[in-house]
K.L.:
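Here it is, the structure, as structure tokens.
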Amino acid sequence: MKYEPKEIEKKWQGRWEKSGSFKIDKDNESKEKFYILDMFPYPSGTGLHMGHTESYTASDVYYRFKKMQGYNVLHPQGFDSFGLPAENYAIKTGVKPVETTKKNIITYIEQMKSLGFDYDFDEKVITSDPSYYKWTQWIFGKFFENGLVYKKTQKTNWCSSCQTVIANEQVVNGECERCGTEIIQKEVPGWFFKITDFSDELIAGLSNVDWPEYTKKNQINWIGKSQGALLKFQIKDSQKYIEVFTTRPDTLFGATYMVLAPEHKLVGELKDEIFNWSDVEKYVIQTQNKTELDRMEAKEKTGEKLEGVVAINPANGQEIPIFIADYVLAGYGTGAIMAVPAHDERDFEFAKKYDIPIMEVISGGNVEEKAYIENGELINSGKFNGMSVEEAKQKITEFVGGEMTATYRLRDWSFSRQRYWGCPIPIVYSPEGEAKLVPEKYLPWTLPEDVDFVPTGVAPLSKSEELKKRVEDIFGQGWTAEYDTMDTFVDSSWYFLRYPDPHNEEKFCSAERLSKWMPVDLYIGGAEHTYMHLLYARFITKAMHKIGLIDFDEPFLKLRHQGMVLDKEGKKMSKSKGNVINPDSMVEKFGADSVRTYMLFAAPLEDEVMWNEDNIVGVRRFLDRVWKIKQQTINNKQQTTENLKIQTLLHKTIKKVSEDIENFRFNTAISQMMILVNAMETCRSRATGEKEQLLSKSHYETLLILLSPFAPHIAEELWSSFAEATADEGKNKYKESIFLQAWPVVDEKYLQDEEVEMVVQVNGKVRERLMVAHDVTEDEAKETALESSKVKVFTEGKEIKKIIFVPGKLINIVVS
RNA sequence: GCCCGGAUGGUGAAAUUGGUAUACACUAGGGACUUAAAAUCCCUCGGGAGCAAUCCCAUGCGAGUUCGAGUCUCGCUCCGGGCACCA
């Protein structure tokens, strides 16, 4: 019989489903738990892509491996199903998002099954399902009650194409992450999470988790903590003062002007004192009209002096001018700076343009030509002269009554979206306009269905008669609903808490299941989620911990990323380039087992994979060979030379495959199995011309178990095929699934070859390779090595200075 | 500009603690089988010299440490990713 992936894969997928092989007892106490999580997909119309295929294959392999090692493994899957594409599709076609989503989820599940992913879809989580978003709303409610959310009107990133506010994290190069439209700043009322309350904890928590170093560093940089001082500058002849944040209070004596962000509230407050108000106002309006992109691309610094007002440098009493300029950002620090042109590049550039004095206060460079930003000794700083930068920071801050503090780049998370297909924010407004939480008994606060989706700049929910009536029926005349929905990142920030108990109607997860399963032991997903999803999920976890809903404060103990899947030329797959490869067509062409195995063989998990169809045949040939050598197996008890060799190699393979899976080095695990299969194959051809069967059946069985996580269908098929061919006594184990077998254990006694190759070097160069006993002593090795004629050529007539011996590996003779 | 990565055959890549560089696979070439093709199997495959044994050179470039460096240190070059007027 030939290896026909199509037949056996369909067959086993059906049987596994029927037997419920992926079901686990979530309350089992006898086995150690292991929670492995995939980043769940958004169920788009285009279906599962190759990136999903790779990371889900990796997790499926790891899951099957752990399970066979005896762990009780939770490996769930779900759908992050709220979001804009379904809504945009509705705008185009009129098909309701709830319908599109339902259909797409069915497709995704079919695709995952066809790849042999062993998820229990009865336990899935769907974020757009009321039984799920009830708890998203409940968590929002808890945050509301505990002061972790607030509403305010402020300048926010607005995408005019998506007709909604988006978060800072969703702005990429001044453009909307989703549609590429330039982002403008718009005054919009909206809801915020107080993620900035957790800045320090979000940094500190990273030292306790096993994540890739660069991911941690990137998160830390994104939070962007900088240590500095808050200083106050009095405005002359006024009660008002300007507060600034600076990382360089040591340079205070060199502050020769100040800059306010054009949006700074003092600008308006000082209107009556400013002589050139019309020019100032013009500049403010100009700034407002700039997009993020314009502001970033501005080559030259611009600004406007506030004529008629001056500030007083608290260090030396000097009067210094005040400017507004858009190089100072309203949203960072206090939105105002003290400018020290001698020691800051931006201030230097501005000072040159507006002819402002440059006062050197740190010795070291020629500040006429460029700002000197390095360390040095203080000068021109009164009694602080001669001090180091570090010491002066503290002392000068104290001297002027400032305060040492830290500032962060991280902003509060703006999560209001003026769109339809999202989780409704469970808030209603009293006739006086006060925001009130919808009481728990009305949850889920359902998304109304009587809306059309044409974007008009007005929130779609405002058009629902049903919602209007619902609010009035419950709360009374004059009450109105909140029309914003939540950013979909809110939905995905807690989904891992739901999987242990997805059908619970009383709680988001029972206390028992929470304490049994959380936190997640291993999380696999793309590195592109570093700044948003992974940060938000950690915040939600920490906030829930703070208000006592959970007893841990980091959700993901171990994190690994898969690399991108590129086309064969190494280019990103995209619709516009027309180089997108569909997993379905690959499964159709090569079979799921080959696709899975090749995906992991082609490159290390975290590296990019270039998907090259020409190469997948190598893996397919490998599986063919595994299939074929079954004919060579024999139920022998007696040991031949051939299968003793195989036995040693087999145990090396058990060791390597086990260690490699544990460490996500799937590519080398597979190549080791190829080496074993190649050896098993020649086990026959070595025999005396006849097709003698020499491959021990038990060795072959072990190979099948090692292979089963990678290529589950073929392994199961071959395993089960022994049921008919085997005599009654041994039959039973072949009747049950290969995945119920125990993972093989290395027997160290088989690992050691009797004889090993010893490399003989002279002055570090390889001159000879000799077979020696594996436990050869140094003296024996020396003797053997020096006798070798090839070695003698290089040692003859020379003085031997020393000999380095590495047992079982190498001997190096150093001659003069 | 700052912060991360990376560079090994024609190609994807191995080398786990400083100890045999190029495992495993793809492609290519040659051969066997076949009426033929496909499939399969076998052989060759970093560069150079040599009939051969063997020798020399080679892990982006240049130094260094070491008996020994793809691996460690210093200085460059190029490529990829992220952040970026953050005071």
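The shown structure was predicted, so the numbers you read here are calculated from the model rather than taken from an experiment. Lettering follows sequence order; numbering is per chain, from 1.
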K.L.:
Take the protein atom CD1 of A:I629 and the nucleotide atom C1' of B:C41, then report the distance between them rounded to whole Å.
P.N.:
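Interatomic distance, CD1 of A:I629 to C1' of B:C41: 15 Å.
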
K.L.:
Side chain of A:Y283, backbone of A:D326: donor and acceptor closer than 3.5 Å?
P.N.:
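Answer holds: yes.
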
K.L.:
With rounding to whole Å, what would you report as the distance between B:A15 and B:C72 at their P atoms?
P.N.:
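After rounding to an integer number of Å, I get 14 Å for this pair.
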
K.L.:
Defining pairs by Watson-Crick or G-U wobble geometry with both distances under 3.5 Å, how would you list the stems of RNA chain B with at least three pairs each?
P.N.:
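In RNA chain B, stems of three or more pairs: B:1-7 with B:77-83, B:10-12 with B:24-26, B:28-32 with B:40-44, B:46-49 with B:54-57, B:60-64 with B:72-76.
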
K.L.:
Let's see if you can work this out: which of B:U20, B:A13, B:C41 has an atom nearest to the side-chain heavy atoms of A:R625?
P.N.:
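Closest nucleotide among those given: B:C41.
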
K.L.:
Report which part of the nucleic acid A:R665 touches: base, sugar-phosphate, or nothing (heavy-atom distance under 4.0 Å, all strands).
P.N.:
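Contact class for A:R665: base.
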
K.L.:
Ion pair present between A:R560 and A:D210, side-chain N to carboxylate O less than 4.0 angstrom?
P.N.:
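Judged by the 4.0 Å cut-off on N to carboxylate O distance, A:R560 and A:D210 do form a salt bridge.
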
K.L.:
Using a cut-off of less than 4.0 Å, is there contact between a side-chain N or O of A:N615 and OP1 or OP2 of B:A13?
P.N.:
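So the side chain of A:N615 is outside the cut-off, no N or O lying under 4.0 Å from OP1 or OP2 of B:A13.
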
K.L.:
Quick one: label A:L810 by what it contacts on the DNA or RNA (base, sugar-phosphate, nothing), any heavy atom closer than 4.0 Å.
P.N.:
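Since a base atom lies under 4.0 Å of A:L810, the category is base.
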
K.L.:
Set out, in order, the CA-CA distance, both residues' side-chain angles and the distance that settles salt bridge (Lys or Arg N to Asp or Glu O under 4.0 Å) for A:E659 and A:K655, then state yes or no.
P.N.:
CA-CA 6 Å; A:E659 286 174 0; A:K655 187 175 156 80; 3.4 Å; yes

K.L.:
Using atom C1' in both nucleotides, what's the gap between B:C56 and B:G5 to the nearest angstrom?
P.N.:
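Pairwise C1' distance, B:C56 against B:G5, rounds to 36 Å.
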
K.L.:
Report which part of the nucleic acid A:S226 touches: base, sugar-phosphate, or nothing (heavy-atom distance under 4.0 Å, all strands).
P.N.:
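If one applies the 4.0 Å heavy-atom cut-off, A:S226 turns out to touch the sugar-phosphate alone, with no base involved.
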
K.L.:
By nearest atom, which of the nucleotides B:C57, B:A13, B:G68 is closest to the A:K765 side chain?
P.N.:
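When the side chain of A:K765 is considered, B:C57 is the closest of B:C57, B:A13, B:G68.
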
K.L.:
Report yes or no: is there a donor-acceptor pair, N or O only, under 3.5 Å between the side chain of A:K801 and the base of B:C67?
P.N.:
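A donor-acceptor contact between them is absent.
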
K.L.:
By nearest atom, which of the nucleotides B:U20, B:A25, B:C55 is closest to the A:R767 side chain?
P.N.:
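Minimum distance to the A:R767 side chain belongs to B:C55.
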
K.L.:
Rounded to the nearest angstrom, tell me the gap between atom CG in A:N612 and atom P in B:C24.
P.N.:
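To the nearest whole Å, that distance equals 20 Å.
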
K.L.:
Any side-chain N or O of A:Y214 less than 4.0 Å from the OP1 or OP2 oxygen of B:G5?
P.N.:
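Result: no.
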
K.L.:
If you only use heavy atoms from C-beta on, which nucleotide in B:A84, B:A87, B:C85 is closest to the side chain of A:R409?
P.N.:
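Closest of the options to the side chain of A:R409: B:A84.
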
K.L.:
Taking the same atom, C1', in B:U22 and in B:A13, what whole-Å distance lies between them?
P.N.:
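Rounded to whole Å, the distance is 10 Å.
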
K.L.:
Is the closest side-chain heavy-atom distance between A:R538 and A:L206 below 4.5 Å?
P.N.:
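Touching, per the 4.5 Å side-chain cut-off.
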
K.L.:
Side chains of A:Y214 and A:T530: any donor to acceptor distance under 3.5 Å?
P.N.:
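Absent: no donor and acceptor within the cut-off.
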
K.L.:
Provide the distance between the two C1' atoms, one in B:U27 and one in B:U16, to the nearest whole Å.
P.N.:
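Pairwise C1' distance, B:U27 against B:U16, rounds to 29 Å.
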
K.L.:
Would you call the rings of A:F666 and A:F710 parallel, tilted or perpendicular, where under 30° means parallel and over 60° means perpendicular?
P.N.:
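Aromatic pair A:F666/A:F710 classed perpendicular.
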
K.L.:
So what does A:N678 hit on the nucleic acid, given a heavy-atom distance under 4.0 Å: a base, only sugar-phosphate, or nothing?
P.N.:
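If one applies the 4.0 Å heavy-atom cut-off, A:N678 turns out to touch the sugar-phosphate alone, with no base involved.
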
K.L.:
In whole Å, what separates the P atom of B:A63 from that of B:C4?
P.N.:
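Approximately 28 Å lies between the P atom of B:A63 and that of B:C4.
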
K.L.:
Measure CG/A:N763 against C1'/B:A69 and give the value in whole Å, please.
P.N.:
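Taking CG of A:N763 and C1' of B:A69, I get 16 Å after rounding.
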
K.L.:
Do A:F65 and A:V657 have side chains that get closer than 4.5 Å, going by heavy atoms?
P.N.:
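Side chain of A:F65 against side chain of A:V657, heavy atoms only: no contact under 4.5 Å found.
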
K.L.:
Against A:Y598, only a single residue in A:F590, A:W611, A:F622 fulfils side-chain contact (heavy atoms from CB on, under 4.5 Å); can you say which?
P.N.:
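Of the listed residues A:F590, A:W611, A:F622, the side-chain contact (heavy atoms from CB on, under 4.5 Å) partner of A:Y598 is A:W611.
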
K.L.:
Whether A:N221 contacts B:G82 is assessed here as follows: a side-chain N or O lying under 4.0 Å from the phosphate OP1 or OP2. Is that the case?
P.N.:
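No.
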
K.L.:
As a test of reading the structure: which of B:A13, B:C83, B:C55 is closest to the side chain of A:F794, going by heavy atoms?
P.N.:
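Among the listed nucleotides, the one closest to the side chain of A:F794 is B:C55.
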
K.L.:
Work out how far the C1' atom of B:G9 is from that of B:G47, and round it to whole angstrom.
P.N.:
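It works out to 10 Å between them.
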
K.L.:
Distance check needed: B:C42 C1' versus A:R621 CZ, whole Å only.
P.N.:
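That distance rounds to 14 Å.
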
K.L.:
Does the plane of the ring in A:Y62 sit parallel, tilted or perpendicular to the ring in A:F664? Use 30° and 60° as the thresholds.
P.N.:
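Ring orientation of A:Y62 relative to A:F664: parallel.
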
K.L.:
Regarding A:D607, tell me which of base, sugar-phosphate or nothing describes its non-hydrogen contacts under 4.0 Å with the strands shown.
P.N.:
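Nothing, no heavy atom under 4.0 Å.
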
K.L.:
When the nearest nucleotide of RNA chain B is assigned to A:K572 and to A:E345 on a heavy-atom basis, which residue is associated with the more 5' position?
P.N.:
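Residue closer to the 5' terminus by nearest nucleotide: A:E345.
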
K.L.:
Could you go through the salt bridge (Lys or Arg N to Asp or Glu O under 4.0 Å) check for A:K352 and A:E349 one step at a time?
P.N.:
CA-CA 5 Å; A:K352 278 287 182 192; A:E349 197 190 319; over 6 Å; no

K.L.:
Can you tell me how far P of B:U16 sits from NZ of A:K652, to the nearest Å?
P.N.:
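Result: 16 Å.
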
K.L.:
Remember a base hit wins even if backbone is also touched, and classify A:F245 as base, sugar-phosphate or nothing at under 4.0 Å, heavy atoms.
P.N.:
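Base contact.
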
K.L.:
Checking contacts here: which listed nucleotide (B:G12, B:G19, B:U20) is nearest the side-chain heavy atoms of A:I804?
P.N.:
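When the side chain of A:I804 is considered, B:G19 is the closest of B:G12, B:G19, B:U20.
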
K.L.:
Classify A:E349 by what it touches in the nucleic acid, base, sugar-phosphate, or nothing, heavy-atom distance under 4.0 Å.
P.N.:
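Since no nucleic acid heavy atom lies under 4.0 Å of A:E349, the category is nothing.
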
K.L.:
Say we look at B:A69 and B:G1: how far apart would their P atoms be, to the nearest angstrom?
P.N.:
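Rounded to whole Å, the distance is 35 Å.
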
K.L.:
Below the 4.0 Å mark, does B:A87 have OP1 or OP2 next to a side-chain nitrogen or oxygen of A:R248?
P.N.:
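So the side chain of A:R248 is outside the cut-off, no N or O lying under 4.0 Å from OP1 or OP2 of B:A87.
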
K.L.:
Report the distance from atom NZ of A:K568 to atom P of B:G10, rounded to the nearest whole Å.
P.N.:
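My rounded result for the distance is 19 Å.
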
K.L.:
From B:C67, B:C83, B:A25, pick the nucleotide closest to the side chain of A:F601?
P.N.:
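The closest nucleotide is B:A25.
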
K.L.:
On a whole-Å scale, what distance lies between the C1' atoms belonging to B:U8 and B:A23?
P.N.:
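About 13 Å, rounded to a whole number of Å.
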
K.L.:
Before you tell me yes or no, could you show the steps for A:L566 and A:V609 under side-chain contact (heavy atoms from CB on, under 4.5 Å), namely the whole-Å CA-CA distance, both residues' side-chain angles and the distance that decides it to 0.1 Å?
P.N.:
CA-CA 6 Å; A:L566 308 171; A:V609 176; over 6 Å; no

K.L.:
Taking syn as within 90° of 0 and anti otherwise, name the glycosidic form of B:G12.
P.N.:
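You should classify B:G12 as anti.
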
K.L.:
Choose from B:C67, B:C4, B:G12 the nucleotide whose nearest atom is closest to any side-chain atom of A:V814.
P.N.:
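Of the options given, the side chain of A:V814 lies nearest B:C67.
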
K.L.:
So if I take every side-chain heavy atom of A:T668 and compare against B:A87, B:A14, B:U27, which nucleotide ends up nearest?
P.N.:
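From the listed options, B:A14 comes nearest.
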
K.L.:
Pick the closest RNA chain B nucleotide for A:K217 and for A:Y408 by heavy atoms, then say which residue is nearer the 5' end.
P.N.:
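On the 5' side of the pair lies A:K217.
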
K.L.:
Under 3.5 Å, is there any donor-acceptor pair linking the side chain of A:E757 to the base of B:U20?
P.N.:
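Looking at the base of B:U20, it does pair with a donor or acceptor on the side chain of A:E757 (distance under 3.5 Å).
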
K.L.:
Just how far, in rounded Å, is C1' of B:U16 from CD of A:E606?
P.N.:
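For the pair A:E606 CD and B:U16 C1', the rounded distance is 14 Å.
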
K.L.:
Looking at B:C4, B:C24, B:G19, which one has an atom nearest to any side-chain atom of A:Q761?
P.N.:
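Comparing B:C4, B:C24, B:G19 against the side chain of A:Q761, the answer is B:G19.
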
K.L.:
Nearest-Å distance, CD1 (A:I616) to C1' (B:A25)?
P.N.:
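It works out to 13 Å between those atoms.
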
